[in-house]
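Notes for the one structure printed next.
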Amino acid sequence: MEQAMPVYILSGFLGSGKTTLLQRLLDHWKAQGLRPAVVMNELGEVNLDGLLVEQSVPMAEMLGGCICCSIRGDLSTELATLIKKESPDVVVIEATGAANPLEIVDAVTEISLYQLVELKGLITVVDAAHLIGLYRSQQGATYRLMQEQIRCASVLILNKTDRVTPQEADEITVILRKWNAYAEIRPAVRCALEPEALLEGMGGIHAEARFQEDDEMQAAHAGDSSEAGAAVHGSHDHVMAYTHYFKRPVNSEEFEQFVKELPRDVYRAKGIVTFSDTSSRFLFQYAYREADFMKITPQGDVPDVAVFIGEHFSSSELRTRLLQLEKRILARPAVVKRSL
């Protein structure tokens with residue numbers, strides 16, 4: 001299968017250090033001979049942060065609004081255009097500090113319906129002193145938004161630790177862990193982190209395109225699909241989004257039952273599927289425990305794909321179930337207890 005385009009999202013409040021981290025990541029990729037590209041979002045009409053990025057780096061600017069609300073619909077279009085025009089090796093989206101990250105994940109995964117992308121992770125940069133001040137007051141929209149940015153992160157960078165005491169740093173770590181039990185916490189000053197270690201440790205958001213047929217065959221021979229799925233994901237199983245590219249049609253009744261049984265941690269799902277027991281393709285949408293299916297005839301080469309969005313749900317469990325629906329791995333037979 002064609003390699004999916006890796007995409008990273010940088011989240012965090014204004015002044016937390018997002019652009020400093022962005023520059024470090026860009027320098028790292030360029031030193032490796034890779035071609036990075038950037039989607040930069042600003043609430044104002046002038047992209048001041050973008051002026052700090054070298055002109056040699058392809059950039060799409062989204063100004064005059066927040067990509068999670070007023071100009072959210074443009075994000076997937078801008079991302080698709082940037083990838084098609086510039087053919088980068090990796091894309092980074094730096095969101096405005098007012099952005100709700102789960103809405104950005106939703107907007108980014110929209111492109112998965114017609115182009116191979118892999119949302120690799122959501123990095124939230126936290127200003128240590130700012131966070132502890134907000135936590136002690138515990139009021140206002142800023143406090144609630146910071147909670148969301150922390151809860152949705154694959155990795156938390158606790159930046160500006162030189163501006164708090166060791167006791168305050170310990171208190172902040174407890175706060176971060178309370179709001180997000182799964183993300184790795186990396187303390188830093190001016191986001192001075194080793195990019196290689198940061199990126200290698202980020203398995204927070206997966207796409208099915210990364211997994212090869214031999215993984216599935218091993219799972220089938222092993223006869224225990226749950227263990228095989230866990231082995232693939234390791235400790236990065238809890239994710240905010242999971243994209244599954246189908247290779248085979250699935251039974252319509254089995255798929256509808258699968259959607260009905262989605263865990264409550266999955267808030268939204270969408271995709272295009274081909275059913276083995278009908279002659280049509282369908283667009284499906286899932287939200288608030290309700291699902292809709294609509295018969296479609298896509299134009300061009302559009303893959304069968306399903307995108308799941310939520311809060312730290314198990315990607316390996318969904319992947320294993322979907323592979324079983326496709327008959328790409330065998331379902332583990334139920335254990336029958338016999339009385340003596």
Side-chain angles (χ1 to χ4, degrees), residues 1-7 109 111-120 203-263 265-266 268-286 291 293 295-296 298 300-310 313-336:
M1 181 179 285
E2 180 186 349
Q3 184 65 39
M5 175 66 62
V7 177
T109 54
I111 192 178
S112 300
L113 301 185
Y114 53 90
Q115 190 165 344
L116 282 175
V117 298
E118 179 178 3
L119 194 46
K120 296 285 290 184
I205 302 178
H206 303 284
E208 165 63 14
R210 297 198 322 146
F211 303 111
Q212 303 300 319
E213 198 73 41
D214 57 353
D215 292 328
E216 297 151 18
M217 294 307 296
Q218 288 173 12
H221 289 311
D224 187 347
S225 57
S226 62
E227 290 182 6
V232 171
H233 294 280
S235 61
H236 300 296
D237 182 42
H238 291 268
V239 299
M240 305 306 298
Y242 171 62
T243 302
H244 183 94
Y245 290 97
F246 294 91
K247 293 182 181 179
R248 301 177 185 175
V250 296
N251 178 274
S252 62
E253 292 184 4
E254 291 180 356
F255 186 78
E256 288 184 36
Q257 188 62 33
F258 161 76
V259 172
K260 288 179 181 178
E261 295 173 354
L262 283 172
D265 291 335
V266 176
R268 287 205 58 196
K270 53 194 172 185
I272 298 170
V273 291
T274 299
F275 293 132
S276 57
D277 50 335
T278 67
S279 58
S280 303
R281 300 178 75 188
F282 287 80
L283 173 71
F284 82 91
Q285 299 271 357
Y286 168 88
F293 290 82
K295 188 181 296 186
I296 60 169
D301 186 16
V302 179
D304 281 356
V305 60
V307 179
F308 304 90
I309 301 166
F313 59 90
S314 172
S315 60
S316 67
E317 290 180 7
L318 290 188
R319 176 175 181 266
T320 296
R321 187 73 186 98
L322 287 164
L323 291 177
Q324 290 171 351
L325 291 177
E326 292 185 80
K327 307 300 189 282
R328 288 160 65 184
I329 64 172
L330 302 177
R332 188 178 187 183
V335 176
V336 179

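Numbering of residues begins at 1 and proceeds along the displayed sequence.
Nearest heavy-atom pair across Ala291 and Val259 is CB-CG1, 3.7 Å. In terms of heavy-atom proximity, His244 sits nearest to Arg328 at NE2-NH1, 3.9 Å. When all heavy atoms are compared, the tightest approach of Val117 to Tyr245 is N-OH, 3.4 Å. Of all heavy-atom pairs between Phe275 and Pro249, the closest is C-CB, 4.0 Å. For Phe313 against Val266, the heavy-atom pair with the smallest separation is CG-CG2, 3.8 Å. Considering all non-hydrogen atoms of both residues, Asp277 and Val250 come closest at OD1-O, 4.2 Å.
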request  = Using the side-chain contact (heavy atoms from CB on, under 4.5 Å) rule, take Phe258 and Leu322 through it: C-alpha gap first, then chi angles, then the decisive distance, then the call.
outcome  = CA-CA 8 Å; Phe258 161 76; Leu322 287 164; 3.6 Å; yes
request  = Show your working on side-chain contact (heavy atoms from CB on, under 4.5 Å) between Arg248 and Asp304 and close with a plain yes or no.
outcome  = CA-CA 9 Å; Arg248 301 177 185 175; Asp304 281 356; over 6 Å; no
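Using the six-membered ring where Trp is involved, Phe284 and Phe255 have ring planes that are perpendicular, over 60° apart on the 30 and 60° scheme.
Between Phe308 and Thr109 there is no side-chain heavy-atom pair separated by less than 4.5 Å.
Heavy-atom contacts from other residues, nucleotides or ligands closer than 6.0 Å to NZ of Lys260 number 12 or fewer.
Note: Leu262 CG to Arg321 CZ = 10.5 Å, rounded to the nearest 0.5 Å.
Within the 3.5 Å criterion, the main-chain N or O of Lys247 finds a donor-acceptor partner in the side chain of Glu326.
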